[in-house]
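When a ligand or atom number is given, it counts from 1 through the structure's own listing order. In this chain, residues are counted from 1 in sequence order.
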Amino acid sequence: MARKKIALIGAGNIGGTLAHLAALKGLGDIVLFDVVEGVPQGKALDLSQCGPVEGFDAKIIGSNDYADIAGADVIIVTAGVARKPGMSRDDLLGINLKVMKAVGEGIAANAPDAFVICITNPLDAMVWALREFSGLPHQKVVGMAGVLDSARFSHFLADEFKVSVKDVTSFVLGGHGDTMVPVIEYSTVSGIPVPDLIEMGFSTKERIDAIVQRTRSGGGEIVGLLKTGSAFYAPATSGIAMAESYLYDQKRVLPAAAHLTGQYGVDDLYVGVPVIIGAGGVEKVVEIKLNDEAKANLSVSVDAVKELLVACKGIDSSLN
Ligand SMILES: NC(=O)C1=CN([C@@H]2O[C@H](COP(=O)(O)OP(=O)(O)OC[C@H]3O[C@@H](n4cnc5c(N)ncnc54)[C@H](O)[C@@H]3O)[C@@H](O)[C@H]2O)C=CC1
Ligand SMILES: O=C([O-])CC(=O)C(=O)O
């Protein structure tokens with residue numbers, strides 16, 4: 001069986017980490033693409049030289065030519081600009097929208113059968129725009145944010161409950177911004193919902209509320225510490241988990257920005273919801289029952305995403 005081909009558009013902090021993880025996990029051969037000359041080639045060479053030590057023989061090349069992504073099975077897009085302290089993700093919209101146009105056209109022309117995972121911010125608007133610019137089927141274009149946001153929530157919950165993070169599952173829905181919706185009713189330790197754990201004395205409502213808030217601003221907390229950019233290890237790990245679910249037809253249920261066609265009362269918008277990812281791409285949107293508070297919070301988050309799409313359409317008339 002021929003090896004799979006993984007194309008990484010953007011060879012920056014996340015792109016380089018994605019390439020390292022994909023090689024270590026043996027996902028396939030790797031193409032690192034960037035507009036900056038030398039950087040993808042240099043990182044590809046550096047990563048290739050891990051092979052003799054780690055024992056992987058993936059072919060890793062760096063490129064500035066979209067022709068090299070031809071035939072890619074999975075494409076992960078991190079091209080664009082990351083925020084710095086004092087900026088919101090939404091401040092990146094104008095500049096990254098232009099990048100999505102170039103990337104979308106490059107994918108359409110060279111790898112239209114790929115499963116595309118967008119990571120570039122502001123995520124929900126960029127994945128929508130990337131899908132529009134590429135013209136790929138909606139189920140083959142998805143946004144990564146929920147896996148990361150849920151990983152942050154699970155990490156904080158495990159710390160609070162003093163239990164293994166392996167036993168914690170959590171769900172964060174909605175847009176990847178300050179309005180994201182961590183859902184405590186669906187967050188559990190070995191199946192025990194967080195509200196029950198509060199009743200059992202593992203924590204208090206106030207402390208869990210603070211953890212919800214910390215999760216919402218989890219990206220900003222890291223931007224404030226790094227000062228020169230944003231988180232990249234956990235975002236890359238999260239993108240790889242989605243790629244593996246597609247490549248190995250794992251049918252994992254993961255929160256991701258998916259195209260909604262009426263589910264959760266939302267039409268023609270990408271927003272974070274639980275989905276099943278398998279060989280068909282986003283095979284199903286899972287509609288979980290939400291309580292009134294979560295519904296109201298999701299609606300605020302959806303409105304924030306809608307505003308970003310209006311801004312995109314204002315900048316690029318081809319999106320109307
Ligand atoms: N969805 C999520 O959960 C997360 C999203 N992000 C976002 O991911 C993006 C990438 O973050 P980093 O890798 O840390 O940034 P980075 O600045 O390290 O890398 C971005 C790379 O994109 C390249 N690039 C710029 N324009 C390009 C174009 N037209 N075509 C190809 N490559 C191009 C740059 O040369 C650079 O190498 C940012 O927008 C960031 O906000 C970051 C963390 C989490
Ligand atoms: O906060 C940022 O700018 C990067 C990001 O999306 C995250 O780490 O969640």
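- Less than 4.0 angstrom separates some heavy atom of Asn96 from each of these atoms of ligand 1: 39 (O).
- Here's the thing with Asn13: one of its N/O atoms is less than 3.5 angstrom from an N/O atom of ligand 1.
- Considering Ile119, Thr228, Val127, Asp124 only, the shortest heavy-atom separation from atom 4 (C) of ligand 1 involves Ile119.
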Worksheet entry | Trace of the side-chain contact (heavy atoms from CB on, under 4.5 Å) decision for Leu8 with Phe33 | CA-CA 6 Å; Leu8 306 170; Phe33 173 95; over 6 Å; no
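- Of the protein's non-hydrogen atoms, the one nearest atom 2 (C) of ligand 2 is Arg83 NE, 3.2 Å.
- When only interatomic distances are considered, the shortest N/O to N/O separation between Asp149 and ligand 2 does not fall below 3.5 Å.
- In Leu123, neither the side chain nor the backbone holds a heavy atom less than 4.0 Å from any atom of ligand 2.
- If you check which protein heavy atom lies closest to atom 13 (O) of ligand 1, you get Ile14 N, 2.9 Å.
- No heavy atom of Met87 sits closer than 4.0 Å to any atom of ligand 2.
- The residue among Val99, Thr78, Asp34, Thr120 with a heavy atom at the shortest distance from atom 29 (N) of ligand 1 is Val99.
- Compare Gly80, Ala145, Gly10, Ala231 by their heavy atoms: the one nearest to atom 24 (N) of ligand 1 is in Gly80.
- Against a heavy-atom cut-off of under 4.0 Å, Leu92 is close to the following atoms of ligand 1: 41 (O).
- Heavy atoms from other residues, nucleotides or ligands lying under 6.0 Å from CD1 of Ile95 number 12 at most.
- Side-chain contact between Asp268 and His259: present, with at least one pair of heavy atoms (C-beta onward) separated by less than 4.5 Å.
- Salt-bridge check for Asp316 with Lys101: passed, with a basic side-chain N closer than 4.0 Å to an acidic carboxylate O.
- Annotation for ligand 1: atoms under 4.0 Å from non-hydrogen atoms of Val81 are 38 (C), 39 (O), 41 (O).
- Distances below 4.0 Å separate heavy atoms of His176 from the following atoms of ligand 2: 5 (C), 6 (O), 7 (C), 9 (O).
- Summary of contacts: the protein heavy atom closest to atom 19 (O) of ligand 1 is Gly12 CA, 3.3 Å.
- Ligand 2 lies nowhere less than 4.0 angstrom from a heavy atom belonging to Ile222.
- Judged purely by distance below 3.5 Å, without hydrogens or angles, the side chains of Asp124 and His176 never pair a donor atom with an acceptor atom.
- Heavy-atom contacts of His176 reach the following atoms of ligand 1: 1 (N), 2 (C), 3 (O) (cutoff under 4.0 Å).
- Short contacts between ligand 1 and Val36, defined as distances under 4.0 Å to a heavy atom of the residue, involve ligand atoms 35 (O).
- Other residues, nucleotides and ligands place no more than 12 heavy atoms under 6.0 Å from the CZ atom of Arg207.
- If you check which protein heavy atom lies closest to atom 27 (C) of ligand 1, you get Val35 CG2, 3.5 Å.
- The pair Asp249-Lys251 counts as a salt bridge, with a side-chain nitrogen and a carboxylate oxygen less than 4.0 angstrom apart.
- Between Phe115 and Tyr246, the ring planes lie parallel to each other; the angle is under 30°, not in the 30° to 60° tilted range.
- Environment of CD in Glu221: crowded, with over 12 heavy atoms of neighbouring residues, nucleotides or ligands closer than 6.0 Å.
- For the residue pair His138 / Arg131, a side-chain donor-acceptor distance below 3.5 Å is found, with atom types taken as modelled.
- What sits closest to atom 41 (O) of ligand 1 on the protein, heavy atoms only, is Asn121 ND2, 2.9 Å.
- For Glu307 (side chain) and Ala304 (main-chain N/O), no donor-acceptor pair under 3.5 Å exists by modelled atom type.
- Remark: the Thr188 side chain and the Thr169 side chain contain an N/O donor-acceptor pair separated by less than 3.5 Å.
- Closest to atom 15 (O) of ligand 1 among all protein heavy atoms lies Ala82 CB, 3.9 Å.
- No hydrogens or angles considered: nothing links the side chains of Ser170 and Ser187 as a donor-acceptor pair under 3.5 Å.
- With respect to Lys5 and Asp73, no salt bridge is recorded, no charged nitrogen being found less than 4.0 Å from a carboxylate O.
- Each of the following atoms of ligand 2 lies closer than 4.0 Å to a heavy atom of Ala231: 8 (O).
- Scanning the protein heavy atoms around atom 32 (N) of ligand 1, the nearest turns out to be Ala79 CB, 3.4 Å.
- Counted within 6.0 Å of CG on Asp91, heavy atoms from surrounding residues, nucleotides or ligands total more than 12; the atom is thus considered enclosed.
- Looking only at protein heavy atoms, the nearest one to atom 8 (O) of ligand 2 is Arg152 NH2, 2.8 Å.
- Interface atoms of ligand 2 facing Gly219, defined by a heavy-atom separation under 4.0 Å, are 1 (O), 7 (C), 8 (O), 9 (O).
- Less than 4.0 angstrom separates some heavy atom of Ser230 from each of these atoms of ligand 2: 2 (C), 3 (O), 4 (C).
- The atoms of ligand 1 that sit less than 4.0 Å from any heavy atom of Leu148 are 3 (O), 44 (C).
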